[in-house]
Protein chains: 2
Amino acid sequence: MMSGASTVDAIRRVGLEMFARDGYEATTMRAIASEVGIQAGSLYNHFASKEEILWDLTRGALMQLTSRIRESMETLAVDADARDQLSAFVDAHVRFHALNSDQASIVNRQMAGLSATHYRQAVSLRATFETQLGDILRNGDASGEFHVIDLRMSVIAILQMCISVSTWYRADGKLSPDEICAVYVQLSQRMVGFDQRALMASGPRKGVSQR
Amino acid sequence: MMSGASTVDAIRRVGLEMFARDGYEATTMRAIASEVGIQAGSLYNHFASKEEILWDLTRGALMQLTSRIRESMETLAVDADARDQLSAFVDAHVRFHALNSDQASIVNRQMAGLSATHYRQAVSLRATFETQLGDILRNGDASGEFHVIDLRMSVIAILQMCISVSTWYRADGKLSPDEICAVYVQLSQRMVGFDQRALMASGPRKGVSQR
DNA sequence: CGGCGATACTAACAAGCGTTAGTTTCAAAG
DNA sequence: CTTTGAAACTAACGCTTGTTAGTATCGCCG
């Protein structure tokens, strides 16, 4: 049983890596099996089809992201203002996409390989993020904290900005996840028209960071 | 000659559409040929390989985008400030990605199908956009017009924000390219810390646009 | 008219694809 | 010791893939 569970996990691990790097269509069952250390036919002891592997990974990635965002939002005080909510949301989003770039790649680029049914489910899961962020922006605008230019476009622009971190972040790079999150939180605050002049005046300006 | 040129163009048109919609790997030479109205083997009278079609389309899309940006920048007065430069750049970028979503899809998602040589060339072409925008932001920050948080991350965030328009814009939607560009120009100005309070005070605030 | 180049066709190739059937292995349960 | 069931194996199926060779068609130039 232990070896069985670890084989499933090995398939998940290898599939995730290969789908993210080479794409779903360009990855073959034989290549996955070879990397796992078994024969191609043996994969079907664990997954019904190639598409099932992709769906398992897509679903897992989306639920993991959902959990991280929920956890991040739950740390907020009940009376947290819109700015804090936006910060928590953007921080969780950026952190996930930096530290889980393979999962991010699958959710953002390999979903075309899913069946129509699974595709719809994935899109629906992803839409909840847009709704969540949209609520934060709407509330912040209503309370006067934010000055949103256009709700829908702002939501998409912020989300896509966070997602794009997965395309360039490297664990061995010069920027830590904390530093990156801090910058993106500030960028998102600017995008929604949060006035942070008081904040900036409190600390010394140091010019453009060239890194 | 005339029919020959139009066949090449038909292959380009069909390949562009299919690569963008289904992905490079999932698109077969027979499917392209069928849509063009010829046999699969006849494609090789016009392109040496499947990868050559992808490269032709990738190269064409990148050069088209390059042209649009150059044209947009050339309309500026020689003494245009950084804000005008940023506006021209973002406007051209957003407009291209809205009106040419198929080309955008290929450049942003199908490049994995390219050979190593062609891939490097494409990445190199794309890097010029980052350099251009980076220069605008650096100059604007140096002159005090902008208050950039982090140069590299701001460049990537703005570019990715523009690119993402290609994933949701529809010609039959409710937003015109002009309206979208106007919003994204404002968003980019906020991201670089351009102070537009004077501008906003001049026009009436209307709350969040829900559309 | 005769030839020529461009472009289309047909037919096939070798390779690879996802998947399946049937069999073997082997550790745990009875 | 026997039974059982999970999980591996081998070997193949039917199909599709990108690509090529050889041939036919047809408008244009000399």
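These values consider heavy atoms only, across backbone and side chains, with no hydrogens, waters or symmetry-generated copies. Bear in mind that the values here come from a model prediction, so they are computed numbers and not experimental data. Lettering of chains follows the sequences in order, A, B, ..., and the numbering in each one begins at 1.
The listed nucleotides are D:dA7, D:dT10, C:dT19; the one nearest the side chain of A:Gln39 is D:dT10. With distances taken from any side-chain atom of B:Tyr44 to the nucleotides C:dG18, D:dT20, D:dC9, the minimum falls on D:dT20. Out of C:dT7, D:dT17, C:dG18, the shortest distance to the side chain of A:Thr28 is found at C:dG18. Of the candidates C:dT7, D:dC9, C:dT19, D:dC9 carries the atom nearest the A:Ile38 side chain, counting heavy atoms from C-beta on. With C:dT7, D:dA8, D:dT19 as the candidates, the nucleotide lying closest to the side chain of B:Lys50 is D:dT19.
The line from CD1 of A:Ile32 to CD1 of A:Ile53 is 4.5 Å long, rounded to the nearest 0.5 Å. We find the CZ-CG distance between B:Arg126 and B:Asn108 to be 6.0 Å, quoted to the nearest 0.5 Å.
Ring to ring, B:Phe129 and B:His93 are close: their centroids are under 6.0 angstrom apart.
We find that CG of A:Leu43 is positioned 10 Å from P of C:dG18, with the value rounded to whole Å. If you take NE2 of B:His46 and C1' of D:dG18, they are 17 Å apart, rounded to a whole angstrom. The CE atom of A:Met29 sits 18 Å away from the P atom of C:dG16 (whole-angstrom rounding). Summarising the geometry, the separation between CD on A:Glu51 and C1' on C:dT19 is reported as 14 Å, rounded to the nearest angstrom. The interatomic distance linking A:Glu52 (CD) with C:dT19 (C1') rounds to 14 Å, in whole Å. One atom, CD of A:Glu25, and another, C1' of C:dG16, lie 14 Å apart when rounded to the nearest Å.
Side-chain atoms of A:Arg30 stay outside donor-acceptor range of the base of C:dG16, with no qualifying N/O pair under 3.5 Å. Checked by distance alone, B:Asn45 brings no side-chain donor or acceptor within 3.5 Å of a matching partner on the base of C:dA6.
Between B:Arg21 and B:Asp102, none of the side-chain N atoms (NZ, or NE/NH1/NH2) sits under 4.0 Å from a carboxylate O, so this pair counts as no salt bridge.
The phosphate of D:dA7 (OP1 or OP2) has no side-chain N or O of A:Ser42 nearer than 4.0 angstrom. Applying the 4.0 Å criterion to OP1 and OP2 of C:dA8, one finds that B:Thr7 has a side-chain N or O inside that range.
When all heavy atoms of B:Gly193 and A:Arg190 are compared, the closest pair comes out as N-NH1, 3.2 Å.
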